[in-house]
Amino acid sequence: HMQSIIDKLQTPASFAQSVQELTIALQRTGDPANLNRLRPHLELLANIDPSPDAPPPTWEQLENGLVAVRTVVHGLVDYIQNHSKKGTDQQQPPQHSKYKTYMCRDMKQRGGCPRGASCTFAHSQEELEKFRKMNKR
């Protein structure tokens with residue numbers, strides 16, 4: 001549901017609807033990651049009038065909006081790093097004996113790798129040695 005909010009940032013109406021969907025999803029799941037704490041900030045952002053005819057925001061409204069954005073972004077980053085599968089999958093390498101025990105051919109030949117951190121080959125001598133030692137155990 002957090003991803004659907006991110007995907008639907010295109011229009012104010014779909015953003016507000018996504019916030020409502022998140023609230024419903026959190027009620028169903030018991031909110032194990034305490035995302036409900038972001039709800040007031042998400043609702044503040046969802047209630048911003050995007051029409052060009054709307055009066056300009058006050059400095060206080062701008063400040064509140066920026067605080068809400070910062071709080072939501074920090075909350076989402078925390079969620080991804082500590083609670084989602086995406087955050088943990090990248091931190092734990094696959095448990096097979098040849099993971100990062102050979103140098104990446106793209107890194108050697110081109111100086112860069114299109115797979116980045118998800119590459120199963122080593123991108124530095126230090127990384128190569130680290131995983132070779134781990135796999136000897």
Side-chain angles (χ1 to χ4, degrees):
H1 289 282
M2 291 306 288
Q3 187 62 47
S4 72
I5 287 179
I6 294 167
D7 293 341
K8 294 178 183 175
L9 290 176
Q10 311 309 322
T11 66
S14 63
F15 180 74
Q17 182 181 354
S18 296
V19 171
Q20 289 176 338
E21 290 171 9
L22 174 65
T23 301
I24 293 166
L26 293 177
Q27 290 169 347
R28 287 184 191 151
T29 62
D31 191 15
N34 193 22
L35 290 174
N36 210 33
R37 73 189 189 289
L38 301 178
R39 192 168 138 209
H41 303 287
L42 289 166
E43 287 173 350
L44 184 143
L45 295 172
N47 289 326
I48 293 174
D49 185 354
S51 86
D53 299 330
T58 64
W59 287 109
E60 184 180 1
Q61 290 170 322
L62 284 172
E63 180 183 14
N64 292 340
L66 290 172
V67 167
V69 168
R70 185 184 71 207
T71 304
V72 168
V73 169
H74 283 280
L76 295 175
V77 168
D78 175 65
Y79 172 77
I80 290 169
Q81 289 177 339
N82 298 312
H83 301 285
S84 79
K85 289 184 179 180
K86 287 182 181 179
T88 55
D89 284 351
Q90 292 172 354
Q91 294 169 357
Q92 296 176 353
Q95 297 297 319
H96 73 72
S97 62
K98 294 191 179 192
Y99 181 76
K100 294 197 183 267
T101 55
Y102 295 94
M103 282 299 286
C104 173
R105 190 179 315 153
D106 287 320
M107 190 60 82
K108 280 200 303 196
Q109 293 174 349
R110 298 188 183 117
C113 175
R115 291 169 298 283
S118 63
C119 184
T120 58
F121 295 93
H123 287 168
S124 68
Q125 192 62 36
E126 294 82 22
E127 192 175 44
L128 186 68
E129 291 169 10
K130 171 186 166 185
F131 284 97
R132 282 186 175 167
K133 283 180 189 176
M134 285 175 58
N135 285 319
K136 284 183 181 179
R137 292 181 198 159

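Source: prediction; values computed, not measured.
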Study note, to complete from the structure: For Pro57 and Leu62, the nearest pair of non-hydrogen atoms, with its separation, is CG-CD2, 3.8 Å
Review point. Which distance, rounded to the nearest 0.5 Å, do you find between the CG of Leu26 and the CZ of Arg28?
Key: 10.5 Å
Review point. Hey, is the main chain of Glu43 close enough, under 3.5 Å, to the side chain of Asn47 for a donor-acceptor pair?
Key: yes
Practice item. For Glu63, look at atom CD and say whether over 12 heavy atoms of other residues, nucleotides or ligands are found less than 6.0 Å away. Key: no
Check your understanding: Quick one: does Arg115's side chain get under 4.5 Å of Cys104's, heavy atoms only?
Key -> yes
Point to revise | Closest approach of Leu45 to Val72 (non-hydrogen atoms, all atoms of both residues) | key: CD1-CG2, 4.3 Å
Review point. Quick one: OG1 on Thr58 to CG on Asn64, what's the gap to the nearest 0.5 Å?
Key: 7.5 Å
Review point. Hey, any chance Val67 and Ile48 share a hydrophobic cluster, counting ILVMFWY side chains that come within less than 4.5 Å of each other, even indirectly?
Key: no
Practice item. Give me the other members of the hydrophobic cluster that Met103 sits in, counting Ile, Leu, Val, Met, Phe, Trp and Tyr linked by side-chain heavy atoms under 4.5 Å, directly or via other members. Key: Leu128
Review point. Roughly how far apart are His74 NE2 and His41 NE2, rounded to 0.5 Å?
Key: 11.5 Å
Exercise for review: Run through the side-chain heavy atoms of Ile, Leu, Val, Met, Phe, Trp and Tyr, join any pair under 4.5 Å, and report what else lands in Tyr102's cluster.
Suggested key: Phe121
**Study point:** Closest approach of Asp106 to Cys113 (non-hydrogen atoms, all atoms of both residues)
**Key:** CB-CA, 4.2 Å
Review point. If Ile, Leu, Val, Met, Phe, Trp and Tyr residues are connected whenever their side-chain heavy atoms lie under 4.5 Å apart, and connections chain through other members, are Val69 and Leu44 in the same group?
Key: yes
Exercise for review: Could you pull out all residues at least two apart from Ser51 that satisfy side chain to side chain contact (heavy atoms under 4.5 Å, CB included)?
Suggested key: Asp49, Asp53, Ala54
Review point. If you measure from CD on Gln20 to CZ on Arg39, what distance do you get to the nearest 0.5 Å?
Key: 9.5 Å
Practice item. Working to the nearest 0.5 Å, report the span between CG of Leu42 and CG of Leu76. Key: 7.5 Å
Check your understanding: Between the main-chain N or O of His123 and the side-chain N or O of Lys100, is there a donor-acceptor pair closer than 3.5 Å?
Key -> no
**Study point:** Gap between atom CD of Gln27 and atom CG of Leu22 - 0.5 Å precision
**Key:** 10.0 Å
